[in-house]
Amino acid sequence: MTEATIPEEKLQEMYRIMYTIRRFEEKLYTIFLSGEVPGTIHQCDGQEAVAVGVCENLNQDDIITSTHRGHGHCIAKGIPLHEALAEIMGKKTGCSGGVGGTMHLYYPEKGIYGTTGIVGSGVPVAVGLALGIRYKGEKRVVVSFLGEGAVNQGAVHEAINLASVWKLPVIFVCENNKYAVSTPINETSCLPDVSERIKSYGIPALTIDGNNVIKVYTVTRQAVERARASLGPTFIECKTYRYKGHSRSDPAIYRSQEELNSWLKKDPLPRLRDYLLKRKTTDEAKLREIENEVGLTIDRALTFARKSPQVNPREIANYVFA
Amino acid sequence: MTEATIPEEKLQEMYRIMYTIRRFEEKLYTIFLSGEVPGTIHQCDGQEAVAVGVCENLNQDDIITSTHRGHGHCIAKGIPLHEALAEIMGKKTGCSGGVGGTMHLYYPEKGIYGTTGIVGSGVPVAVGLALGIRYKGEKRVVVSFLGEGAVNQGAVHEAINLASVWKLPVIFVCENNKYAVSTPINETSCLPDVSERIKSYGIPALTIDGNNVIKVYTVTRQAVERARASLGPTFIECKTYRYKGHSRSDPAIYRSQEELNSWLKKDPLPRLRDYLLKRKTTDEAKLREIENEVGLTIDRALTFARKSPQVNPREIANYVFA
Amino acid sequence: MKTLTIAKALGQALSEEMRENRNVFLLGENIGFFGGSFQVTKGLIDEFGVERVKETPVSETAIIGAAVGAALMGLRPVAEIMYMDFIVCCMDQIVNQAAKIRFLSGGKLNVPLVIRTALGANTHGAHHAQCLEAWFMHTPGLKIAFPCTPYEAKGLLKSAIRDDNPVVFLEHKLLYGKKETNLETGQTFQRIRSLFSVPEEEYIVPLGKADIKNEGKDVTIIATGLMVYRCLNVAEDLAREGIQAEVIDLRSLVPLDKRTIISSVRKTGRAVVVSEDQVTAGVTAEISAVIYEEAFDYLDAPVQRVGALDIPIPFSPLAEDYTIPNKTRIYAAVKKCLERN
Amino acid sequence: MKTLTIAKALGQALSEEMRENRNVFLLGENIGFFGGSFQVTKGLIDEFGVERVKETPVSETAIIGAAVGAALMGLRPVAEIMYMDFIVCCMDQIVNQAAKIRFLSGGKLNVPLVIRTALGANTHGAHHAQCLEAWFMHTPGLKIAFPCTPYEAKGLLKSAIRDDNPVVFLEHKLLYGKKETNLETGQTFQRIRSLFSVPEEEYIVPLGKADIKNEGKDVTIIATGLMVYRCLNVAEDLAREGIQAEVIDLRSLVPLDKRTIISSVRKTGRAVVVSEDQVTAGVTAEISAVIYEEAFDYLDAPVQRVGALDIPIPFSPLAEDYTIPNKTRIYAAVKKCLERN
Ligand SMILES: Cc1ncc(C[n+]2csc(CCOP(=O)(O)OP(=O)(O)O)c2C)c(N)n1
Ligand SMILES: Cc1ncc(C[n+]2csc(CCOP(=O)(O)OP(=O)(O)O)c2C)c(N)n1
Ligand SMILES: [Mg+2]
Ligand SMILES: [Mg+2]
């Protein structure tokens, strides 16, 4: 599928979800500052095109595993916003009953098998999910998101190798946002492109502009087809950038304003918006409508989460064992 | 340095050590069967050219880390045979006082920083040793031996990446003997050459005939020079073969007789022997003399080990803490 | 009824469960044609093929990760980690993923997964000897089984496979091949001898039930795995002196059968806890703490802990024997426990 | 004398040792310009440069491996593992290499290495909350330090760096920034308040010496880290009731200062052990076993263990507080211990 053949509704849907993620993260930022979010959050604003471009290729029963920076992935895969927000706020109505939090979002009903607090740890699990799919003879696929920093975890290498040898239906999507907390990739790898490192597993591995949602969408599409056709895994490195600090306590002073500015110019949201307007199939009014709707949905979700009861500590021990 | 310029004495020395390793492993085999060796042993006969071709480039204060199949590496690096044998037999006079055994041979006096029972675990340690050398501004180098199976350990990838980023004076020598216990490499990797997998770290990585000691010697020489010149690590994959089963309890029925035969034809010992004889600088008598001497040395070492006292269990608790 | 080795009994459990339930499959190093380092999976690949007996690279983390993911898909993987020492390489997937996913998903997801692993000292040195079960007892979300006879090995493994939680399944290297015919004889081995026979009919041994391997009223000896045999040997000697030792085989460390332990200790007033792992912060620490907590007023003497010395397991056979609990040390501990009135 | 935070005191210890001994260097994630997740290494890169403050990839195994190798070369690396939960990713290098090399080399090689790591629950969820020190207590060859005040943090870290063995150095997240000015007040906090001041002169605090944070004759409360504060709070309440609780801060788990523990328990006849890790097979199991072994005849009541519930640490702040030992639970345990005559 090329850019030209993506249906209009699909493009609008992508915009809607990217916009949802952006607004979700912004809202979170506000309520974090007002003290409504315990712990910390790792925000993904700036990286929306990866989550959306990838997940728009997936069916509801396809599967993702995510990272610590996973709100976007989960939203793109369909997590109900109110349950996500409630979880991130530690409320009983959260998708994990409030015991997980931002780094432990699970929503199996939509194929979401977890954000995780241990860098790289979702990748071996994803390979296992893909093994399960193959074992059962199903045609589902798994996408495993990881950061470029996670590529330095041995677990990731073991897992990718296994997926390669077993030709499993899994796609590794690496969000290369240049930094692992404060450390730029050039201090932790001799090669500028992560995909170069992964070619060594004998699987297709490519690097693309992760802020171009259409590019992400079309490239992922091929990988998904490959996986569904039992041709094995693909690794897609998406170059992108996070606008905020690593987590809420990080002012990100290790980056220059210029660098940030240069990426703000490549902001995936206005890029898609302008593209839609230029094609003239969508007009400003339509986009405004989408934006307003998203705003309302997020407000409703927040109201829900705020009104939700606290966790009852006496009940959670039941979660440990089946 | 090319083949032609290797001094005669060096070649004879290589033969002597390769022959020592072979006889050492044969003797071990015998005394294992007679019940004198506790536990198990992982023998390296067939792989002598790697150990010797590599270590003949090293100075006494250069360093190696080894594997579970490490007798050859340690002998090539100069471990006193009697202390090695005593250790493998669990005697008090062993180089680790009898508490280590075959998989825990240390001989820092000769730069031997351990065989290990955990596949791949010597590689991160080797990188640390190289870091130590660089930190102290010394010109020593580290060689880390590993099997092709060990390349599937995440630890190895983390370590090689670190060595690459930090340009450390370490050489990774991979003995690709095709099997990890019973599992052939084609079942665990999509690429036939391990070196292909390691190129992804942006370091020189090559594959050579590991049964050709001269080749191993000359290729390693370059890597050592590179390391000493602070140009960073090299990865050398040596294709080779072990004649015996994985460990003493393995009859190796997963391999065909033909395969074994084809490798016996490439036996590194007769290859070097014939080469020496053909050059006519060494004659049969000289080689016999070497062989006899080696035989006697090993016999003496065995007598020593046999006569050595058992470990006194009451003394070993002192080894735990400095 | 047929007498079997533990290795064979485990193989039977695997093949029966695999026949019964297509969702059960195996993965691990050298478990295919080779049959696994201890020959437990020997022959299974012939019956079940490479998709159900999956040979892996030397990648412990990927093995457990693959098993966790497959379990999340509703399968019932049985992963083999060749030696428990190598489990140290995949702690993260076990502790942070397998053990926690159910909890972290608010109880939505199950991880029905078995990790079989061989433990115990057998003169292979410090990287092939460790007993690390205390780490897993300390990790909420994991169950732990540790059989010492063929009957129980088979029955417990079946329970483990059918359990909807991750189970760490411990197999002692020196017990795999143990035969009824070379068992120590005598009264105290009666029950254990019977457990070398495995019936044709289907049965299970539930997780969480300890077994009294020898009844007695004078002192309670609590043990697992190989140590059960050593304790029975000691009980034999004690019997000759007129002392009746009750020997309890825990069989599961999680869930722990506190009932059986406590009611025995309340009866005897004395307890010796024996485990092959190092004493400090090990299995014996927890078991003895439990005894004090629930039978303090019944105790006539302090609980004696017998475990490995707090040193890595040495290679020398003499030193190894000195390090892990042997008959002499267990006997001495029991005598010490009995000393006090 | 100057009052400091623990984060600053640790930073001082590092910089002083680095000045003193060129062989001391640091490695870890984001420890350079960024100063580490908890700002302990802030500014050190300016003074010591990139070769001595080495920023690493997110590769915990490589970090520890690099530290082990460097230590074998005679250096004194101080490795930072950002959160103790991530230590689960590098257990092999710690347990099978760092802890065992001295032993396995027959005492020839030393591994003078410090692993600093942050532990404890602070509402970040189950992957950022674990207290895994019991695993390391159970691993022969490792020492473990766990300070709770700036004075002790600095002094213990210096001892750890100078020690010729691998030391796991525990830093509680909620204590890094604690200020003398927002300390709980009252009698029982007297000693602890004094330990927020750090002298200009060189000093160390030896490994293996517990500290009595509050003297008392009625009951002994033993704790580490954050729990020391909670226990002192409880002691405060008890004091109001006329009960004098002796609060012992272990400071090191290995070596364990059994002398201080035992002589206190012999005096009071009652002991409560409090630790933030999960109860089962945790720190409290070992400490209580030690108490029984060495003070059985002096005990007027069973030792009470207070630890985290045996569940992963939940995210919800309410649930987290319920899970790890809080004042209410500690108080209740002490009262239970005092109940019996
Ligand atoms: C095993 C492990 N090590 C370290 C951390 C701390 N940490 C959290 S996120 C992060 C950086 C990850 O970088 P990257 O994978 O590029 O993801 P990004 O944050 O850029 O999205 C680190 C080091 C962790 N959570 N887990
Ligand atoms: C971490 C770990 N996993 C598994 C093993 C068991 N084991 C010992 S050697 C070996 C195969 C290693 O293969 P390779 O690296 O190719 O070395 P080779 O034996 O062929 O010399 C395995 C799986 C181990 N010792 N350590
Ligand atoms: Mg990143
Ligand atoms: Mg091999």
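So that the names make sense, note that chain A is the first sequence line, chain B the second, and so on, each numbered from 1.
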With the side chain counted from C-beta on, respond yes when [X] and [Y] share a heavy-atom pair under 4.5 Å apart, and no when they do not.
X	Y	result
B:E158	D:I63	no
B:N161	D:P57	yes
D:K108	B:E109	yes
B:L131	D:F25	yes

Roughly how far, to the nearest 0.5 Å, is OG1 of D:T61 from NE2 of B:H157? 12.5 Å

Distance (rounded to the nearest 0.5 Å) between D:T56 OG1 and B:W166 CH2: 6.0 Å

Quick check against the 3.5 Å criterion: does [X] have a side-chain atom that pairs as donor or acceptor with the backbone of [Y]?
X	Y	result
B:S96	D:L104	yes
D:N165	B:A322	yes
B:K136	D:M73	yes

Report which part of [X] has an atom under 4.5 Å of a heavy atom belonging to chain D: side chain, backbone, both, or neither.
X	value
B:L105	neither
B:T65	neither
B:I63	side chain

So, D:Q97 and B:S121: side-chain donor and acceptor under 3.5 Å apart, yes or no? yes

May I ask you to name which of [options] has the most heavy-atom pairs under 4.5 Å with chain D?
options	value
B:M103, B:R134, B:E87	B:R134
B:V127, B:I133, B:V165	B:I133
B:G97, B:G114, B:A155, B:P108	B:P108

For the pair B:Y106 and D:I101, evaluate side-chain contact (heavy atoms from CB on, under 4.5 Å) and give the outcome as yes or no after the intermediate values. CA-CA 9 Å; B:Y106 291 86; D:I101 285 179; 3.5 Å; yes

Just checking [X]: does its [atom1] atom have more than 12 heavy atoms from other residues, nucleotides or ligands closer to it than 6.0 angstrom?
X	atom1	value
B:K199	NZ	yes
D:E20	CD	no
D:R19	CZ	yes

Would you mind checking which part of D:K143 comes under 4.5 Å of any heavy atom in chain B, side chain (CB onward), backbone (N, CA, C, O), both or neither? both

Counting only non-hydrogen atoms closer than 4.5 Å, does D:L142 touch chain B with its backbone (N, CA, C, O), its side chain (CB onward), both, or neither? backbone

Which of parallel (below 30°), tilted (30 to 60°) and perpendicular (above 60°) describes D:F103 and B:Y319? perpendicular

If we check side-chain hydrogen bond (donor to acceptor under 3.5 Å, both in side chains) with B:Y135, which of these qualifies: D:R52, D:K54, D:E51? D:R52

Do you know which of D:L109, D:V68, D:N110, D:N96 has the most heavy-atom pairs under 4.5 Å to chain B? D:L109

For D:L75 and B:G132 the tightest heavy-atom approach is CD1-CA, 3.6 Å

Go through it in stages, so that I can follow the logic: the residues are B:F321 and D:V254, the test is side-chain contact (heavy atoms from CB on, under 4.5 Å), and I'd like the CA-CA distance, side-chain angles, deciding distance and then a yes or no. CA-CA 11 Å; B:F321 286 111; D:V254 180; 4.2 Å; yes

